[in-house]
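Heads up: the structure comes next, in structure tokens.
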There are 2 protein chains.
Amino acid sequence: MFSQSEENYLKAIYSLEREFADSVSTNLIAEMLSTKASSVTDMIKKLAQKKLVIYQKYKGVKLSNSGKKIALSVIRKHRLWETFLVEKLHFNWDEVHDIAEQLEHIKSPDLVNRLDEFLEFPTNDPHGDPIPDKNGNITYHQKSLLANFKHHQKCIVVGVKDSSSKFLKFLEKLNISLGVEFEIKEREEFDGTLKVLINGKTASISKKVAENLLVKTI
Amino acid sequence: MFSQSEENYLKAIYSLEREFADSVSTNLIAEMLSTKASSVTDMIKKLAQKKLVIYQKYKGVKLSNSGKKIALSVIRKHRLWETFLVEKLHFNWDEVHDIAEQLEHIKSPDLVNRLDEFLEFPTNDPHGDPIPDKNGNITYHQKSLLANFKHHQKCIVVGVKDSSSKFLKFLEKLNISLGVEFEIKEREEFDGTLKVLINGKTASISKKVAENLLVKTI
DNA sequence: CATTTTTTTTAGACAAGTCTAAAATATTAT
DNA sequence: ATAATATTTTAGACTTGTCTAAAAAAAATG
Ligand SMILES: [Mn+2]
Ligand SMILES: [Mn+2]
Ligand SMILES: [Mn+2]
Ligand SMILES: [Mn+2]
């Protein structure tokens, strides 16, 4: 079995690989985990010895197949627990991440799969992120940043890029949540603000918000 | 906040105080936690510094009020999670202890109480043990070891002393579980075996089993 | 391409929690 | 009460994961 720390590194490397390059740098990992580059190097060496990552000095790191498998199983647990917390315990979507950070490290061959069944096999977590299945298969749907859209598109909110409590709370104030539909009416060229139509009412979405909202056209 | 290790020590001291004396010895704790006496001394010192236990060199240790409060909160979490695993995820009562040992350390001001509500405020865990309420109040009901009974008593199974998977699995083979009623017909003086009547059928319960079964007379 | 800057690694230290072996204290037996 | 035995504590070591400061390597700059 792997330590919480090892699991957190694998998870971090996984998402950095996805968001950026094939090979992930020491500093990027350090920043994501709020730790120091030297600590990252230490841990990377350990992970490389266990064949969970492929590592060449000064050349960055990438997950091996077994490393990716572990990362995905941790992500699966994280997202299933988040779903549980929201669906069953009625937490708000901005309250669950930190708790899931802890729950994702619970070790039990059975627990996750029973939880999955109890939740009736959800495909997405409360933030719209896809949940890997028990074999580690994960399906990424096409999601576009609202900021990249031009005029007169109808879209539906399917995810958030920033899933910090701060951002999520702000979205709520704007009455925006997963599944909300709206139409883009106009983009203000000066500051990138979008005028949109939500539930028949006009609203204004700042560029910063639009850069963190994932939508699908309808 | 306290580390998992600290919480485990407090929990161990709590149950040893209850089962044995007011003051708990180093060796007892070591045995309960499968660790060495020297490690226990080290940890006890740390707990004493944090005022969680009262400690005098060579004289054993006992929980302070704040130590007891923490122990009870961990026990509360353990038993609520066990209840969740059995009631909601349909685990068997012999499969949940080890998972709950992990879940009991999850830190969240809210989580336990929401779980409690979700489970509709259970008073006992799947092994019959009482669940402390959110203020740390716990009610111990009178439970007697079956081994201490004489003849012709009617009783109901309300708990187990040994809650290891091995014992619980064996009980199932004997069709004994929480809530089962039976009548003691005879005690064999030679080896302490009890002849009992369960659901109209005669059965035989060994002394060793009787010494780990908690019952209430009816 | 040589120099400066940035990134990464190494060296050495530290805290938490554990261990073994030895010393100190307490308990039990004679 | 003394000696033998058992329990508890101390001393010193080890592992994991972290840190700071310095060295090494890579990348950027002129
Ligand atoms: Mn999350
Ligand atoms: Mn999420
Ligand atoms: Mn248990
Ligand atoms: Mn229990």
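Letters A, B, ... mirror the listed sequences (proteins, then strands); counts begin at 1. From a predicted model like this one, the values you see are computed outputs, not experimental measurements.
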Nearest-Å distance, CG (A/Leu47) to P (D/dT16)?
13 Å
Distance in angstrom units between A/Lys45 NZ and D/dT18 P, rounded
15 Å
With sequence neighbours left out, what residues match A/Asp22 under side-chain hydrogen bond (donor to acceptor under 3.5 Å, both in side chains)?
A/Lys62
Those residues that, when tested against A/Asp98, pass salt bridge (Lys or Arg N to Asp or Glu O under 4.0 Å) (two or more places apart):
none
Using the salt bridge (charged side-chain N to carboxylate O under 4.0 Å, His left out) definition, which of the options A/Lys11, A/Lys77, A/Arg79 pairs with A/Glu101?
A/Lys11
Only pairs at least two apart or in different chains count here, so list each side-chain hydrogen bond (donor to acceptor under 3.5 Å, both in side chains) that has a residue in residues 120-133 of chain B.
B/Glu82-B/His127, B/Asp133-B/Asn137
Touch class at under 4.0 angstrom, heavy-atom based, for B/Ser5 against every strand present
sugar-phosphate
I need the CD-C1' distance between A/Gln4 and D/dT18, as an integer number of Å.
15 Å
How would you list, by chain and number, every residue that makes a ring pair (Phe, Tyr, Trp, His ring centres under 6.0 Å) with A/His97, sequence neighbours excluded?
A/His78
A/Ser164 and A/Asp162: side chain donor to acceptor below 3.5 Å
yes
Rounding to a whole Å, what distance do you find between B/Ile44:CD1 and D/dT10:P?
11 Å
Apply salt bridge (Lys or Arg N to Asp or Glu O under 4.0 Å) to B/Glu6 and list each qualifying residue two or more places apart in sequence or on a separate chain.
B/Lys50
Strictly by ring pair (Phe, Tyr, Trp, His ring centres under 6.0 Å), give each pair with a member in residues 8-31 of chain B just once, sequence neighbours left out.
none
Nearest-Å distance, CG (A/Asp42) to P (D/dT20)?
13 Å
Contact residues, residues 11-36 of chain A to DNA chain D [heavy atom, < 4.0 Å]
A/Thr35, A/Lys36
Could you encode protein contacts along nucleotides 21-28 of chain C as a string, one character per nucleotide from 5' to 3', using B for base contact, S for sugar-phosphate-only contact and - for no contact, with a heavy-atom cut-off of under 4.0 Å?
---BSS--
Can you list, pair by pair, the side-chain donor-acceptor contacts under 3.5 Å of residues 24-34 of chain B, counting residues two or more places apart and other chains?
from, atom 1, to, atom 2, distance (Å)
B/Ser25, OG, B/Leu28, N, 3.2

How close or far is atom P of D/dT15 from atom NZ of A/Lys50, stated in whole angstroms?
14 Å
Does B/Tyr9 make a side-chain N or O approach to OP1 or OP2 of C/dT18 shorter than 4.0 Å?
yes
OP1, OP2 of C/dC19 versus side-chain N and O of B/Ser39: anything below 4.0 Å?
yes
